[in-house]
Amino acid sequence: MSRKIWVFDTTLRDGEQVPGAKLNLYEKVEIAQQLKKLGVDIIEAGFPASSQGDFDAVKAVAQKVGNTSDIMITALARAVKSDIDAVYHAVKHAQNPMIHMVLGTSDIHVEKKFSKSKDQILQIGVDAVKYAKTLLPQVQYSTEDASRSDFEYLWKTIEAVMKAGATMINVPDTVGYAEPEQWGKMIAKLNDRMKNLDDSVLLSVHCHNDLGMATANTLAAIKNGADKVECTINGIGERAGNAALEEVVMAIKTRGDVYDVFTDIHTKEIMNTSRLVSSFMGIDVQVNKAITGDNAFAHSSGIHQDGLLKSRDAYEIVHPEDVGLEDMELVLTARSGRHAVKNALSKLGFKDFTVEEFEGIFENFLKLADSKKEVYNHDLYVIVEEYYEKAEKNNPNEQTYADQFYEIEDLQIISNSTFPSASVKVRRGADVFQASAVGSGPIDALYLAIAEVTGINVKLVEYNISSVSRGQEALGKVKIIVEFNSETYMAKAAHTDILKASALAYVNAINSIIVARINPQTASQIATV
């Protein structure tokens, strides 16, 4: 019979240990609300003893998110009375609170970090659990650096704290030292002993990613009896991060034949949660990151695109809809084949081509793709109409659209602390428009000027800059998300001048809106985020 795996999310505690990722009280509560919506079983909301601010944030999460019994709220304590008290007073406001404490079990921690004997450390842990049990019924004990601990001492500690009243035992691979096969065998051995001692106590793992094996080690633990997994959204956390919740959950869902377990995670909320965490913490998700990266469901290879259009199962084991995305993204580049280009044209209403006409259009597509890197829907309109003009043939599509799209001709930006301003020169067909604007910053001024020229005012939802090469001539890539008439549109552009890239991305977004106006049935396909 398939068994449930408990999901313990530590984004708000371990994830917040990333330098520069500190969250305020409001942000912690918002993320916790989204984690509840995602369906996690336990939220670790922080480390209350570390500061008054963190205590207040954990308390707020307990009050506002832990106000129902379907989710457990906890926070971290060292195995000392003052830390345990801090956790208790912060989480006691939740309907289902838990105290989580941690104490090392490896020789390195016992001898070098604490300078005590193993028996002394074990007794400290037992006393801490007994004290915590006088405060709350649910107590988790974490054996820090378990993967480098002497197994028999590790088991001796676990056995003692279970007898003292611990209801969950968490076994961390604190420094990412574990290897899946060895780790799985150790977890199987612990699971056997724990179930024989008290089968009501949950066995948990907390894996770090220092060697890139956090997800693999977590899944190995599940196969060998672990009841609970500790993860973070996007795999963020100390040093190289933690096991990524979305990777573990989707591996379980996709490979049910291997794991035969389930979680209560609502997977369609994965992308919303990922974006919220990324936005609040200011940590961009690696573009090729599994499940939540920008390229996770983007396909540019002609062979892959052809296979996907024939059958999505050919190159897609996880459907983007399952994690909260609209659809797969076929990125049109010079590597795209005829099938992908014909499919994109068909969605825009261009279907009645002869073989000769399509080959001519495809040749023009490749020329533009070589120079522009990525080809957008508005580019396809231009390609088609230019082909018929040059070939002096009748366009099977009676209307002309190419002169409705905008392109940047020139821009000038002045950045200073008093009046940041921008001037733009934009072409639409044969018409050229110019405008200037003053904003709160150079990008704001630039976008205000473009909005004035185009007459399309959008709400900027997200603006991201990243470098895609190195050195003085590095390419800067800008990705923006805008909202217009309750629809969201994503656009990208790259240039050695980051301000030029910002302008190009904004104009690409404007042109996507125009495409949606021209062809409303394709709006859901181009308004993708």
Side-chain angles (χ1 to χ4, degrees), residues 20-21 233-234 236 246 270-300 320 323-333 336 369 372-379 405-408 411 413 422 439 441-448 450-451 454 456 458-470 474-484 487-516 523-529:
I233 301 299
N234 299 328
I236 61 173
E246 62 276 4
I270 283 176
M271 288 307 303
N272 287 337
T273 314
S274 169
R275 287 174 182 142
L276 186 68
V277 169
S278 175
S279 175
F280 279 173
M281 289 192 164
I283 302 173
D284 291 338
V285 180
Q286 181 181 328
V287 294
N288 61 329
K289 159 96 176 53
I291 311 300
T292 55
D294 277 353
N295 291 351
F297 300 99
H299 308 271
S300 66
V323 298
L325 286 171
E326 290 293 326
D327 201 352
M328 64 182 176
E329 181 186 5
L330 297 186
V331 182
L332 294 181
T333 70
S336 297
K372 198 177 178 184
K373 308 305 180 189
E374 289 187 18
V375 176
Y376 295 89
N377 285 333
H378 61 271
D379 294 318
F405 302 116
Y406 294 92
E407 59 180 308
I408 295 287
L411 58 88
I413 296 171
I443 300 299
D444 183 47
L446 175 63
Y447 286 178
L448 286 172
I450 296 173
T454 62
I456 299 176
V458 302
K459 178 185 177 183
L460 184 63
V461 177
E462 186 176 315
Y463 174 87
N464 286 316
I465 303 174
S466 59
S467 176
V468 293
S469 57
R470 302 177 67 180
L475 273 177
K477 183 177 181 180
V478 172
K479 171 191 167 186
I480 66 170
I481 297 174
V482 301
E483 185 177 298
F484 181 77
E487 291 282 355
T488 51
Y489 298 81
M490 182 192 72
K492 297 175 285 186
H495 199 275
T496 52
D497 181 345
I498 199 66
L499 294 172
K500 181 70 175 290
S502 299
L504 293 171
Y506 195 84
V507 169
N508 283 338
I510 294 294
N511 286 333
S512 292
I513 292 168
I514 294 170
V515 170
S524 62
Q525 296 153 2
I526 55 181
T528 51
V529 176

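This one's a predicted model, so the numbers in the text were calculated from it and none came from an experiment.
Put simply, CG on Leu411 and OG on Ser502 are 9.5 Å apart, with the number rounded to the nearest 0.5 Å. To the nearest 0.5 Å, atoms OG1 (Thr488) and CD1 (Ile481) are separated by 7.0 Å. A distance of 6.5 Å separates CG of Asn508 from CG of Asn511, quoted to the nearest 0.5 Å. Summarising the geometry, atom NZ belonging to Lys500 is positioned 10.5 Å from atom CD1 belonging to Ile413; distances are rounded to the nearest 0.5 Å. Distance CD1/Ile480 to CD1/Ile443: 10.0 Å, rounded to 0.5 Å.
Between Phe405 and Val515 the shortest side-chain heavy-atom distance falls below 4.5 Å. Between Val458 and Tyr447, every side-chain heavy-atom pair lies at or beyond the 4.5 Å cut-off. Between Ile465 and Ile498 there is a side-chain heavy-atom pair separated by less than 4.5 Å.
Ala505 and Lys492 get closest at one heavy-atom pair: CB-C, 4.1 Å. Contact detail for Ile291 and Met271: the closest heavy-atom pair is O-SD, 3.7 Å. The nearest pair of heavy atoms linking Ala516 to Tyr489 is CB-OH, 3.7 Å. Closest approach of Ala509 to Ala491, counting heavy atoms only: N-CB, 3.6 Å.
Side-chain N or O atoms of Asp284 include none that pairs as donor or acceptor with a backbone N or O of Ser278 at under 3.5 Å.
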Full working for side chain to side chain contact (heavy atoms under 4.5 Å, CB included) between Val507 and Glu407 = CA-CA 7 Å; Val507 169; Glu407 59 180 308; 5.5 Å; no

inquiry  = For Ile233 and Ile270: C-alpha separation, side-chain torsions, deciding distance, then whether side chain to side chain contact (heavy atoms under 4.5 Å, CB included) applies.
reply    = CA-CA 9 Å; Ile233 301 299; Ile270 283 176; over 6 Å; no

CA sep, side-chain torsions, deciding dist, call: Ile408, Ile450, side chain to side chain contact (heavy atoms under 4.5 Å, CB included) = CA-CA 9 Å; Ile408 295 287; Ile450 296 173; 4.3 Å; yes

task = Report the C-alpha distance between Phe484 and Ile456 in whole Å, list the side-chain angles of each, state the deciding distance to 0.1 Å, and finish with yes or no for side chain to side chain contact (heavy atoms under 4.5 Å, CB included).
result = CA-CA 9 Å; Phe484 181 77; Ile456 299 176; 3.8 Å; yes

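Checked for salt-bridge contact, Lys289 and Glu246 meet the test: a charged N lies under 4.0 Å from a carboxylate O.
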